[in-house]
Every structure is written in C-alpha cells, then in structure tokens.
Amino acid sequence: MGILYGMVARGNVVLAEFSAAQTNGNAIARQVIDKLPQGISDSNLSCSHDHYIFHVKRTHNLTVLCMADDSFGWRIPFAFLEDIHQRFVKTYGSSIHSVAAYAMNDEFSRILSKQMDHYSNDPNADRLNRLKGEMSHVRSVMIDNIEKIVERGDRLNLLVDKTATLHRNTIRFKRQARKYKSSVCWGNCKLASGLVVCVILIIIYVTLAFYCRDPRWRYCFE
C-alpha cells in the first residue's frame, strides 16, 4: 500500500498530519518523536512497529515523519520526506518556529495526501529519485573533472611560461646570429676588397714592367 501516514512537527508540536488508512499511526508517531535523541539537530532514522516502518527526517528542529509498509523499502519514503520538508519550509518560512499546534493542518494535510498518493502509486516517483541520485553523481564527477582541469590549467600556465622564455631566448639567439653573420660578411668583404686591390696593383706593376722592359721601371723615366 505504500505510505499510509505523514506528519510534520516542530519538536513535539504537531503542525500538520494526514492518514490514508484507519490505523494507530498517529499515536505511534507521537511516541516516536517523543523518543527521538535530544541534542541532534539533523538526523535520518527508521524504526519498525508490527508490519510498518516509521521513517523520520529531522532538520533544525523540524521533524517530518511517515509510516509505510515494511515491504516498501526506504528510498521512496525518504524521498517523500525530503519533498515534504522542502515544500513545508518554502510555504511557511520562519513562521514554523512560532505557530501553534495544527496551525497548518487544514492547508498542508491536502499536500500530504497528494504527495503520499504520488509516492505510493506513481512509478515515476522512484525513477525521479534515481534520476536525482544520478544527477548528484554526475555533479560530483563534474566537480572532480573541473578540479582536474584547473590542475591541468596550472600546469599549462607553467608550460606557457617556459615556452615564452624559450621563445625569447630563440629571438635573442637569432639576433646574435644575424649580428655575427653580418660581421663575418663585412670581414669577408674587406678581405675581398683587399685582394682585388692587390691584384690590380700587381697587374699595373706587371704591365709597366713589361712596357718599360725593366722590373724597376728605369727606362720609363729616361
């Protein structure tokens, strides 16, 4: 049959409840919340009674409880409790900390009835809960991947810095190489010019010596 009874309470003060069957679930539920451990603000627990399981979610002194068949498992009941907790806090806000007993019962008991029927009979209720779990897993994987990307980004920045340094060194080496090449070329040009001048002088000397018929040019000036 699924979820048979639901309740929202502040401490021991019942704010809203709904029973889908004629059971003593409300009486047992009050005994359960009376025996909840004190001093623990957030807790989830389950306890059995006959063929039923009472599931409890307590967050910041707001307790959400449901009674379900013992064969119904625990995943769907706790999904129901989480859903009811979010709806109740979103609807009533900070007023839940000061209102009297059953102050929200007329309105919220209808929401309890609707959601109890949904989680008990709609097959998509369990699929939705599984999807939420898969989304949570995907989100944790994404966070892990983002951390790895950030780590790789740090390494990439280091590699970029090294690449930039190598690039600057390469440019400096090319400049020095061009200067050296220029100096070598200029030296070669001066050497070639000197050789050309020497060759010209030798040609002039040989020509004059042949014309004067004397290596010392003595007959050219008589």
- If you measure from NE2 on H49 to OG1 on T23, what distance do you get to the nearest 0.5 Å? 9.5 Å
- Message: As a quick check of understanding, evaluate side-chain contact (heavy atoms from CB on, under 4.5 Å) for Y92 and L15, giving each step before the final call.
- Response: CA-CA 11 Å; Y92 301 109; L15 303 179; over 6 Å; no
- Item | Reported NE2-to-CD distance for the pair H85 and E82, which is rounded to 0.5 angstrom | 7.0 Å
- Heavy-atom closest pair, residues C66 and F80: CB-CE2, 3.7 Å
- Task: Walk me through it: do I84 and V8 pass the test side-chain contact (heavy atoms from CB on, under 4.5 Å)?
- Result: CA-CA 8 Å; I84 292 299; V8 181; 3.8 Å; yes
- Item | Y52 side chain near I28 side chain, heavy-atom distance below 4.5 Å | no
- Measuring from L45:CG to W74:CH2, what's the distance to the nearest 0.5 Å? 14.0 Å
- Distance, nearest 0.5 Å, that separates CZ of F54 from OH of Y5: 8.5 Å
- Which heavy atom in H60 sits nearest to a heavy atom in H97, and how many Å separate them? O-CE1, 4.4 Å
- Message: Please give me the minimum heavy-atom distance between I33 and N12, naming the atom from each residue.
- Response: O-OD1, 3.5 Å
- Looking at CZ of F78 and CG of N44, how far apart are the two atoms once the value is rounded to the nearest 0.5 Å? 5.0 Å
- Atom of V14, atom of A9 and distance for their closest heavy-atom approach: CA-CB, 3.9 Å
- Check for a donor-acceptor pair, side chain of R10 on one end and backbone N or O of V99 on the other, with a separation under 3.5 Å. yes
- Euclidean distance, L112 CG relative to M104 CE, rounded to 0.5 Å: 12.5 Å
- Task: Answer yes or no: is there a donor N or O on one side and an acceptor on the other, between the side chain of S43 and the main chain of R58, under 3.5 Å?
- Result: no
- Message: On a heavy-atom basis, which atom in G73 and which in H55 lie closest, and how many Å separate them?
- Response: O-NE2, 3.7 Å
- Message: If hydrophobic clusters are built from ILVMFWY residues whose side chains come within less than 4.5 Å, do I53 and M67 share one?
- Response: no
- Message: Quick check: closest heavy atoms across R30 and M7, and the distance to 0.1 Å?
- Response: N-CE, 4.2 Å
- Query: Side chains of E17 and N26: donor-acceptor distance under 3.5 Å anywhere?
  - Reply: no
- Query: Does some side-chain heavy atom of F88 sit less than 4.5 Å from a side-chain heavy atom of I111?
  - Reply: no
- Taking D69 for its side chain and G2 for its backbone only, find out whether a donor-acceptor pair lies under 3.5 Å. yes
